[in-house]
K.L.:
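Please see the structure below; I have some questions.
Within every chain, numbering begins at 1; the chains are lettered A, B, ... in the order of the sequence lines, protein sequences first and strands thereafter.
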Amino acid sequence: MNQQVKDLSRHAGETVTVSGWIAALRVHARVAFVVLRDGTGVVQGVLVKSQLPADLWELATSLTQESCIALTGVVRPDERAPGGHELTVTGIELIGASDEYPIQPKEHGVEFLLDHRHLWLRSSMQRAGLRVRAEVEQAIHDFFYERDFVRIDTPILTGAIGESAGTLFETDYFGDRAFLAQTGQLYVECACPAFRKVYCFGPTFRAEKSKTRRHLTEFWMIEPEVAFADSNDNMDLQEDFICSIVARALDRCGPELEVLKRDLSTLQRVQPPFPRISYSEAVARLNAEGRDFEWGRDLGAVEETTISSWFDRPVFVYNYPKGAKAFYMKENPDDPRTVLCNDLLAPEGYGEIVGGSQREDDFDRLLARIREEDLPEDAYDWYLDLRRYGTFPHSGFGLGLERTVGWITGRPHIRELVPFPRLINRLKP
RNA sequence: UCCCGCGUAGCUCAGCUGGUAGAGCAGACGGCUGUUAACCGUCGGGUCGCAGGUUCGAGUCCUGCCGCGGGAGCCA
């Protein structure tokens, strides 16, 4: 009977068949070991020459790494086996032979691995990282579903909208110009009067020529938007949300986090409340430490790392200077030099994983900001309509999926947390 | 766009103050009952990123270009 490797412990003593790919093959004079990966787990098959027909031994010992085979054998508990069970092989069927496999069980360079990303996916750390990603994605949908959010799918092809036009991918649209979306936020705002609590989750595109371990040109972003929520409500939601998905990963991805050698103690500390520090307080403290940081400048990577080092869990930095932030953020009534917004900085140097704000709901002030930023006014007429027909206080945020999963898995580069990363110089495979 | 670093065998790398190329892994063959990135032996394998320059002689020194990595900026 055909079985999955993950279920083998329930079939001790039985003869089963498992199908998969050869992860490793070690041939001795009278015994051989084949490590089979079937997508649900890994099992070692033991082949004893004296107990196999000559042609089967010949076939088995001539197999190559990553050949696809079906192994038939008796499930046998064995303390020496990594999964606790081995297969004493009685039959082998070759399903698909493999040419010489490029990725060896050894260290490789980044360029080589990315060139072979279509094969690299089979490696254990990659499987672990992508499985955590899938679990986090499911946790995200569950979190919002359980809180009565309605999922709104926003367009990928757009006219020129977003935060700044200089970083958009342009494409031809029947003779007109179109751009790949860099955010779904303006669209989910429009869905708020229809559904009150909404979110979008999809790919976004940035044509920034960034070459760092925190950047992709195509990444997945989750963007909730909530009517009648102010900036503090917004941070409360982010806090619940982050705690929920981290707890889910800890609960459901133990084996994967172990493969990734993740230090779980920093994840276990991700409990409410997160520290909240205003931009102005952060600047004062930076200067008190001798940083000589001028109020009004945006925080850079160095400052963010310093700030997150003050705390043992994610930290909110809120109410940045207006000049450092996007046009749609609401002016702070208590300090008009600032806007009601927040970033969430992940610990351990992973940087900004969330950016959120209360939105400007006053028609005149929003229009003034669009003009100040020299944005194409007619492109935003529909967005301004939201302030014309029953405007309302609302807030939302965007969470970068790959950065978040990069932090949860502890991987150094977020390119490993998306199946096929799109980087500034990489469009293949 | 700027700054720093790196391009040598299929892969990962060594190659000194210049003297014409080396290891491990992978591959092929042989050996070995329990291996976990198995081990031992033999063999095949090179436009030293590209172009120019200095020199009797360049993988090595110089210049330019290309590619890659990291960082800055910008952002999630």
K.L.:
Is the NZ or CZ atom of A:Arg147 both under 6.0 Å from the centre of the six-membered ring of A:Phe143 and within 45° of that ring's axis?
P.N.:
yes
K.L.:
For B:rG67, take OP1 and OP2 only and decide whether either is under 4.0 Å from a side-chain N or O of A:Arg426.
P.N.:
no
K.L.:
Rounding to a whole Å, what distance do you find between A:Leu114:CG and B:rC11:P?
P.N.:
15 Å
K.L.:
Would a line drawn from the ring center of A:Tyr380 to the ring center of A:Tyr328 be shorter than 6.0 Å?
P.N.:
no
K.L.:
Does A:Phe219 stack onto the base of B:rA76, taking stacking as ring centres under 5.5 Å apart and planes under 30° apart?
P.N.:
yes
K.L.:
On the side chain of A:Gln104, is there an atom forming a donor-acceptor pair with the base of B:rG27 - under 3.5 Å, no angle test?
P.N.:
no
K.L.:
Would you classify A:His108 as touching base, sugar-phosphate or nothing, given that sugar-phosphate means primed atoms plus P, OP1 and OP2, and contacts are heavy atoms under 4.0 Å?
P.N.:
sugar-phosphate
K.L.:
So A:His116, base contact, sugar-phosphate only, or nothing? Heavy-atom distance under 4.0 Å.
P.N.:
nothing
K.L.:
Using the P atom as the point on both nucleotides, what is the distance between B:rG34 and B:rG70, in whole Å?
P.N.:
43 Å
K.L.:
At under 4.0 Å between heavy atoms, what does A:Val354 touch on the DNA or RNA strands: base, sugar-phosphate, or nothing?
P.N.:
sugar-phosphate
K.L.:
So that I know where these two stand, are A:Phe112 and A:Trp120 an aromatic pair - ring centroids less than 6.0 Å apart?
P.N.:
no
K.L.:
Taking any heavy-atom pair under 4.0 Å as a contact, classify A:Lys209: base, sugar-phosphate, or nothing.
P.N.:
base
K.L.:
What nucleic acid atoms does A:Glu208 come within less than 4.0 Å of, heavy atoms only: base, sugar-phosphate, or nothing?
P.N.:
base
K.L.:
Any donor-acceptor pair under 3.5 Å joining the side chain of A:His28 to the base of B:rC39?
P.N.:
no
K.L.:
Taking the side chain as everything from C-beta on, heavy atoms only, tell me whether A:Leu56 gets closer than 4.5 Å to A:Gln51.
P.N.:
no
K.L.:
Look at the side chain of A:Lys106 and decide which nucleotide, out of B:rG24, B:rC68, B:rG70, has an atom nearest to it.
P.N.:
B:rG24
K.L.:
Closest nucleotide of RNA chain B for A:Ala324 versus for A:Leu423: which of these residues is on the 5' side?
P.N.:
A:Leu423
K.L.:
What is the nucleic acid contact for A:Ala32, judged by heavy atoms within less than 4.0 Å: base, sugar-phosphate only, or nothing?
P.N.:
nothing
K.L.:
Could you state the CZ-P distance from A:Arg26 to B:rG31, rounded to the nearest angstrom?
P.N.:
20 Å
K.L.:
Mind checking what makes ring pair (Phe, Tyr, Trp, His ring centres under 6.0 Å) contact with A:His413, not counting sequence neighbours?
P.N.:
none
K.L.:
So what does A:Asp298 touch, heavy atoms closer than 4.0 Å: a base, only the sugar-phosphate, or nothing?
P.N.:
sugar-phosphate
K.L.:
Looking at the rings of A:Phe241 and A:Phe144, which for Trp means the six-membered one, are their centres under 6.0 Å apart?
P.N.:
yes
K.L.:
State whether the distance check finds a donor on one side and an acceptor on the other, under 3.5 Å, for side chain A:Ser210 versus base B:rC74.
P.N.:
yes
K.L.:
Indicate yes or no: at least one non-hydrogen side-chain atom of A:Phe201 is less than 4.5 angstrom from one of A:Glu137.
P.N.:
yes
K.L.:
Give the dot-bracket line for RNA chain B from 5' end to 3' end: parentheses for intra-strand Watson-Crick or G-U pairs under 3.5 Å, square brackets for crossings, | for inter-strand pairing, dots for unpaired.
P.N.:
(((((((..((((.....[..)))).(((((.......))))).....(((((..]....))))))))))))....
K.L.:
Starting at atom CD1 of A:Ile414, determine the distance to atom P of B:rG69, rounded to an integer number of angstrom.
P.N.:
14 Å
K.L.:
Counting the atoms with a prime plus P, OP1 and OP2 as sugar-phosphate, which does A:Ile353 contact under 4.0 Å by heavy atoms, base, sugar-phosphate, or nothing?
P.N.:
sugar-phosphate
K.L.:
May I ask you to say what A:Gln65 touches in the nucleic acid, namely base, sugar-phosphate or nothing, with a heavy-atom cut-off under 4.0 Å?
P.N.:
nothing
K.L.:
Please give, in whole Å, the distance from B:rA72 C1' to A:Lys211 NZ?
P.N.:
12 Å
K.L.:
Given atom CZ of A:Arg403 and atom P of B:rC75, what is their separation to the nearest angstrom?
P.N.:
11 Å
K.L.:
For A:Phe274, is there any backbone N or O sitting under 3.5 Å from a side-chain donor or acceptor partner on A:Glu239?
P.N.:
yes
